[in-house]
Amino acid sequence: DQQVKQNSPSLSVQEGRISILNCDYTNSMFDYFLWYKKYPAEGPTFLISISSIKDKNEDGRFTVFLNKSAKHLSLHIVPSQPGDSAVYFCAATSGTYKYIFGTGTRLKVLA
Amino acid sequence: KAGVTQTPRYLIKTRGQQVTLSCSPISGHRSVSWYQQTPGQGLQFLFEYFSETQRNKGNFPGRFSGRQFSNSRSEMNVSTLELGDSALYLCASSLASLGQDFTDTQYFGPGTRLTVL
């Protein structure tokens with residue numbers, strides 16, 4: 001049972017436009033959500049997180065939105081840059097130090 | 001501050017052998033988690049250690065085991081290797097800070113690429 005789902009395995013966006021990556025979860029006990037970026041042959045790099053007490057968190061070009069009623073979160077990258085091309089994973093946890101990751105979305109930013 | 005380090009970075013083994021992977025967390029981090037990444041499967045949680053105790057465990061067979069030392073360094077062992085164990089094994093550490101507002105972020109090492117022939 002996949003508790004965290006990223007239904008789009010890949011996404012292509014033009015440079016300078018907005019990239020929107022989506023993530024759905026099923027466990028209502030999750031209260032902390034994270035996004036990671038991963039390049040080939042490297043470990044995931046932490047990007048941004050959001051606690052369930054918020055519905056939005058911004059960090060530079062990256063914004064994460066959380067819709068608890070829909071059990072949905074999204075990562076917005078504005079403007080998208082070629083260096084953003086990577087695999088993006090969302091993760092969720094219920095404060096038990098056990099993190100559940102999605103299967104990832106491969107973002108390609110076209111120059 | 002140095003990041004999470006994992007050794008070795010690459011490993012080739014044959015079926016039936018056993019392997020030990022090592023992870024050194026960020027200084028001050030007390031929680032260490034291990035993940036397996038295979039194509040199309042995302043990151044599958046193996047287990048998490050805190051103060052030398054396994055606190056959480058994923059759905060992997062008993063051939064996968066781990067331990068944590070008093071300095072928070074951790075090792076993962078896989079016995080009787082199978083072809084399907086070929087994967088990138090990632091270690092992540094976090095502060096494991098206490099408190100009601102859980103905002104503990106995991107930081108990953110570069111991984112160990114295990115190939116089983």
Side-chain angles (χ1 to χ4, degrees), chain A residues 1-10 21-54 57 59 62 64 66 86-106, chain B residues 3-6 9-10 21 23-26 29-51 53-60 68 87-113:
Chain A
D1 177 33
Q2 191 72 21
Q3 296 185 63
V4 177
K5 299 178 184 178
Q6 294 177 258
N7 292 317
S8 299
S10 63
L21 296 97
N22 295 302
C23 181
D24 296 295
Y25 61 96
T26 58
N27 189 341
S28 58
M29 297 299 292
F30 287 147
D31 56 9
Y32 188 56
F33 305 87
L34 311 93
W35 283 95
Y36 288 84
K37 177 171 73 173
K38 187 179 184 302
Y39 293 118
E42 293 183 12
T45 302
F46 170 71
L47 269 179
I48 191 169
S49 61
I50 188 167
S51 167
S52 60
I53 62 174
K54 295 183 177 181
N57 189 27
D59 185 2
F62 301 92
V64 56
L66 176 62
V87 178
Y88 289 78
F89 291 96
C90 65
T93 182
S94 55
T96 61
Y97 299 99
K98 181 176 179 178
Y99 295 73
I100 307 299
F101 282 76
T103 51
T105 295
R106 182 177 301 279
Chain B
V4 178
T5 58
Q6 292 186 247
R9 291 294 310 276
Y10 302 92
L21 312 181
C23 171
S24 293
I26 292 171
H29 283 197
R30 300 181 295 171
S31 171
V32 174
S33 297
W34 288 89
Y35 295 85
Q36 180 195 67
Q37 186 192 11
T38 53
Q41 292 297 313
L43 278 70
Q44 301 292 309
F45 174 78
L46 280 155
F47 27 65
E48 184 254 349
Y49 286 86
F50 177 81
S51 291
T53 300
Q54 186 183 91
R55 286 196 303 192
N56 291 287
K57 191 176 189 308
N59 298 321
F60 278 80
Q68 186 181 35
L88 180 68
Y89 290 88
L90 293 158
C91 164
S93 75
S94 68
L95 275 171
S97 53
L98 300 174
Q100 291 183 328
D101 293 329
F102 188 86
T103 56
D104 199 55
T105 298
Q106 290 192 328
Y107 295 89
F108 284 83
T112 294
R113 171 71 63 185

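Here the structure is a predicted model, which means the values were calculated and not measured. We use all heavy atoms of the structure for the numbers below, so side chains are in, but hydrogens, waters and symmetry mates are not. The chains referred to below are lettered A, B, ... by the order of the sequence lines, with proteins before strands, and numbering in each begins at 1.
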Q | Proximal component of B/L43, with respect to chain A [non-hydrogen, under 4.5 Å] | A | both
**Q.** Atom group of B/Y35 that falls short of 4.5 Å from chain A, counting heavy atoms
**A.** side chain
**Q.** Check: B/F108 ring centre within less than 6.0 Å of A/F101 ring centre
**A.** yes
Q.
If I take atom OH from residue A/Y99 and atom OG1 from residue B/T105, how far apart are they, to the nearest 0.5 angstrom?
A. 6.5 Å
Q. Based on non-hydrogen pairs under 4.5 Å, which of B/E48, B/Q106, B/R113 is most in contact with chain A?
A. B/Q106
Q) In terms of heavy-atom pairs under 4.5 Å, which option from A/G104, A/P44, A/S49, A/G43 contacts chain B the most? A) A/P44
Q) Would you say B/R9 has more than 12 foreign heavy atoms packed within less than 6.0 Å of its CZ? A) yes
Q: Determine whether more than 12 heavy atoms belonging to other residues, nucleotides or ligands lie under 6.0 Å from atom NZ of B/K57.
A: yes
Q. Is there a side-chain contact between B/L88 and A/K38, using heavy atoms and a 4.5 Å cut-off?
A. yes
